[in-house]
Protein chains: 2
Amino acid sequence: MTKRPAENPEAAEAPAPPAEPRWLTEGEQRTWLAYRHASTLLEDYLDRQLQRDAGMTHVYYGLLVRLAEAPRRRMRMTELAEHAKITRSRLSHAVARLEGNGWVRREECPSDKRGQLAVLTDEGYEMLRRSAPGHVEAVRTAVFDRLTPEQAELFGEVCRIVAAGLQPAGGDVPWLR
Amino acid sequence: MTKRPAENPEAAEAPAPPAEPRWLTEGEQRTWLAYRHASTLLEDYLDRQLQRDAGMTHVYYGLLVRLAEAPRRRMRMTELAEHAKITRSRLSHAVARLEGNGWVRREECPSDKRGQLAVLTDEGYEMLRRSAPGHVEAVRTAVFDRLTPEQAELFGEVCRIVAAGLQPAGGDVPWLR
DNA sequence: AGAGAGTGCTTGAAGGTTCAAGCACGTCGC
DNA sequence: GCGACGTGCTTGAACCTTCAAGCACTCTCT
C-alpha cells in the first residue's frame, strides 16, 4: 500500500515515520506498479528460460558468469557474494548445489585458512558457453529490443542510482550483513 | 553471460538461436548489470523492511493491498493471481498462510462453485493501515527520493514497455500458464 | 604469548516458490 | 443427458532463501 488508505491515519503510526507519511503521487504509484510488474515478469521469464535450457535459475547462472570472468576463473566466497549482491549463506548453499552439478569446485584459500575459493570447472565453463546464446537472446527479446538506445541508457542510469543508494557502502545501513 | 565468451562460439549452439548470437554491447551490459543489482538490492531491502514491520514479504503485502483496493475487499483467486503476476499455485499457498495469520479469509464464489474468493479481513486491513506508512517511506527512500520527476517518469515508461512485452496477452507465450 | 573480538564460511530449520498432478465443477456437442 | 474436454483451485514434493547459530581461523592489544 503505497497509496493512502481510505480512512485518515492520523495518530498511532508504525514505529518508523513520526508525522503524516509522504504518500506517493498518482504518477509515482503508476511507476511503482509498473516496476513491480516488470521485475516480477522479467525474473520469471528469465528463470524459466534458464531453468529449461541450463537447469538453474538466473542467480545461479550469474554466479557462474562471474566466476568465468574472474582471473583464473576463481573467486573468494565473500567476494563472489558481494559481487552477486547475495548473502554468504545463500552463496554457500548455491555453491554446494553447483558443486553437485560438477560446475564449480571448492579450493582452500592459500593465504587464509578460513577462506574458500569457488572455482569454475571446465564442465561449468562449457555449460555456460552452450547456454549463453539462449540467455542473451532472452534478455534482448525481453528488454533491449523493445527500448530505444536512449531509453536503455536512461534506464541504466536510474538503476545505477537506485543500486548505489542501497549499496552497503553507499547507503548507511549494511542490509547484507 | 550476456557477453561473448573468450573463445569463438561459431558452430554447435544451444537449441534456440540458429546463427551468431546478438551479444550485448558494452553499454547494454552495463545497463543490464545495473538493473540486476538494483532489482536484487531493492527486493531485498523491501522484503526485510516488511518482514520486520509487517511479518511478511513484499509479494504477500502486495496481495493484501490489492484486496484492500478491490470492491468489497474481495477477489477471485485467479483474478488476484493475474493482478499480482503470480501463479495460481503460489497464490494458493500464499492465501493459506495469510489465512493462518487471520488477514485473509476464503469464501465460496456464489456464481461458480469451483471458485473461491479471497477476502481481506478487518484485521488484515488494520495491519495494512499500520504498516503502510513505513512501506511507502521505504519506497520513497530507496527510489523516488533519489530520482528527478523526469527520471521517475521515464523509468515508469520503460517498465511499462518491458512488462507489456512479457504479459501473456501482450507477448505470444503464456509464461504464467 | 594469550585473551577477546572480529572475519570467513557453513549448517539446519522454517518458510516461500515451482512443478506436476489431481479433484471438482462447468461447458460444449452430440 | 452424458461423455469429453476445459477451467478453478489445491496439494505435495523438490528446491531455494533466510535466519540464527556455530565452528575455525585471524587480528589486536597488552
Side-chain angles (χ1 to χ4, degrees), chain A residues 40-41 43-52 54-63 74-101 104 106-119 168 174-177, chain B residues 40-41 43-52 54-63 74-101 104 106-119 168 174-177:
Chain A
T40 304
L41 289 167
E43 209 72 21
D44 242 55
Y45 172 59
L46 294 176
D47 272 353
R48 277 178 220 283
Q49 185 264 318
L50 279 173
Q51 197 67 258
R52 179 165 42 75
M56 64 188 133
T57 67
H58 191 257
V59 171
Y60 283 35
Y61 188 86
L63 293 174
R74 66 199 61 208
M75 212 181 276
R76 283 288 292 268
M77 294 291 280
T78 294
E79 195 191 359
L80 182 51
E82 279 163 2
H83 275 241
K85 266 75 187 155
I86 63 176
T87 61
R88 287 197 257 284
S89 169
R90 186 173 175 182
L91 181 63
S92 271
H93 289 294
V95 167
R97 202 272 229 178
L98 293 171
E99 209 175 2
N101 287 306
V104 168
R106 286 182 214 250
E107 274 183 18
E108 307 263 295
C109 175
S111 58
D112 186 337
K113 274 179 192 160
R114 295 167 305 180
Q116 290 275 107
L117 292 168
V119 185
W175 303 115
L176 257 35
R177 49 228 79 258
Chain B
T40 304
L41 290 167
E43 208 71 22
D44 241 54
Y45 172 58
L46 294 177
D47 272 352
R48 278 178 218 286
Q49 185 265 318
L50 280 173
Q51 196 67 257
R52 177 165 44 75
M56 64 189 132
T57 67
H58 190 258
V59 171
Y60 283 35
Y61 187 86
L63 293 175
R74 65 200 62 208
M75 210 181 277
R76 284 290 291 268
M77 294 293 279
T78 294
E79 196 192 357
L80 182 51
E82 278 163 3
H83 276 239
K85 266 78 185 151
I86 64 178
T87 60
R88 285 196 260 283
S89 168
R90 188 174 174 180
L91 180 63
S92 269
H93 290 296
V95 167
R97 202 272 229 179
L98 293 171
E99 210 174 2
N101 286 309
V104 168
R106 287 178 212 250
E107 274 183 16
E108 308 262 297
C109 175
S111 59
D112 185 338
K113 276 181 192 159
R114 294 167 306 178
Q116 289 275 108
L117 291 169
V119 185
W175 304 114
L176 257 37
R177 53 223 80 260

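Below, chain A is the first sequence line, B the second, and so on; all start at residue 1. Heavy-atom basis, side chains included; hydrogens, waters and symmetry copies ignored.
- Looking at which nucleotide of DNA chain C each of A/Arg114 and A/Met77 is closest to, the 5′-most match is held by A/Arg114.
- One interatomic measurement links the two molecules: CG of A/Leu50 to C1' of D/dC15, which rounds to 16 Å at whole-angstrom precision.
- Look at CG on B/Leu117: it is 13 Å from P on D/dG8, rounded to the nearest Å.
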Report all interatomic pairs (protein N or O, nucleotide N or O of nucleotides 11-18 of chain C) with separations under 3.5 Å.
{"unit_1": "C/dT11", "atom_1": "O4", "unit_2": "A/Ser89", "atom_2": "OG", "d": "3.0"}
{"unit_1": "C/dG12", "atom_1": "O6", "unit_2": "A/His93", "atom_2": "NE2", "d": "2.8"}
{"unit_1": "C/dG16", "atom_1": "OP1", "unit_2": "B/Arg97", "atom_2": "NE", "d": "2.9"}
{"unit_1": "C/dG16", "atom_1": "OP1", "unit_2": "B/Arg97", "atom_2": "NH2", "d": "2.9"}
{"unit_1": "C/dT17", "atom_1": "OP1", "unit_2": "B/Arg90", "atom_2": "NE", "d": "3.4"}
{"unit_1": "C/dT17", "atom_1": "OP1", "unit_2": "B/Arg90", "atom_2": "NH2", "d": "2.6"}
{"unit_1": "C/dT17", "atom_1": "OP2", "unit_2": "B/Tyr60", "atom_2": "OH", "d": "3.4"}
{"unit_1": "C/dT17", "atom_1": "O5'", "unit_2": "B/Arg90", "atom_2": "NE", "d": "3.4"}
{"unit_1": "C/dT18", "atom_1": "O4", "unit_2": "B/His93", "atom_2": "NE2", "d": "3.0"}

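- Annotation: salt bridge (charged side-chain N to carboxylate O under 4.0 Å, His left out) contacts of A/Glu82 (sequence neighbours excluded): none.
- Whole-Å rounding puts the B/Tyr45 OH to D/dT18 P distance at 17 Å.
- Among the atoms of the strands shown, only primed sugar atoms or phosphate atoms (P, OP1, OP2) are found under 4.0 Å from some heavy atom of B/Asp112.
- Atom CD of A/Glu108 is separated from atom C1' of C/dC9 by 12 Å (rounded to the nearest Å).
- A heavy-atom distance below 4.5 Å is found between the side chains of A/Leu80 and A/Leu91.
- Evaluation of the side chain to side chain donor-acceptor pair (under 3.5 Å) rule for A/Glu99 yields A/Arg106 as partners, not counting sequence neighbours.
- For B/Asp112, the side chain to side chain donor-acceptor pair (under 3.5 Å) criterion is met by B/Arg114, not counting sequence neighbours.
- Taking A/His83 as the reference, nothing meets the ring pair (Phe, Tyr, Trp, His ring centres under 6.0 Å) condition, with sequence neighbours excluded.
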Contact list (N/O, under 3.5 angstrom) for nucleotides 3-5 of chain C vs protein:
none

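- Every residue was checked against the salt bridge (charged side-chain N to carboxylate O under 4.0 Å, His left out) condition with B/Arg97, not counting sequence neighbours, and none meets it.
- Within the 3.5 Å criterion, the main-chain N or O of B/His58 finds a donor-acceptor partner in the side chain of B/Asp47.
- In this structure, CD of B/Glu99 is placed 12 Å from C1' of D/dT10, rounded to the nearest angstrom.
- Between the C1' atom of D/dC16 and the CD atom of A/Glu43 lies a distance of 13 Å, rounded to the nearest Å.
- In this structure, A/Leu91 places its CG atom 7 Å from P of C/dT10, rounding to the nearest Å.
- Judged as a salt bridge (charged side-chain N to carboxylate O under 4.0 Å, His left out), and not counting sequence neighbours, A/Arg90 has no contacts.
- The distance between atom CD of A/Glu107 and atom C1' of C/dC9, rounded to the nearest whole Å, is 16 Å.
- Partners of A/Ala84 by side chain to side chain contact (heavy atoms under 4.5 Å, CB included), not counting sequence neighbours, listed by chain and number: A/Leu63, A/Arg66, A/Ile86.
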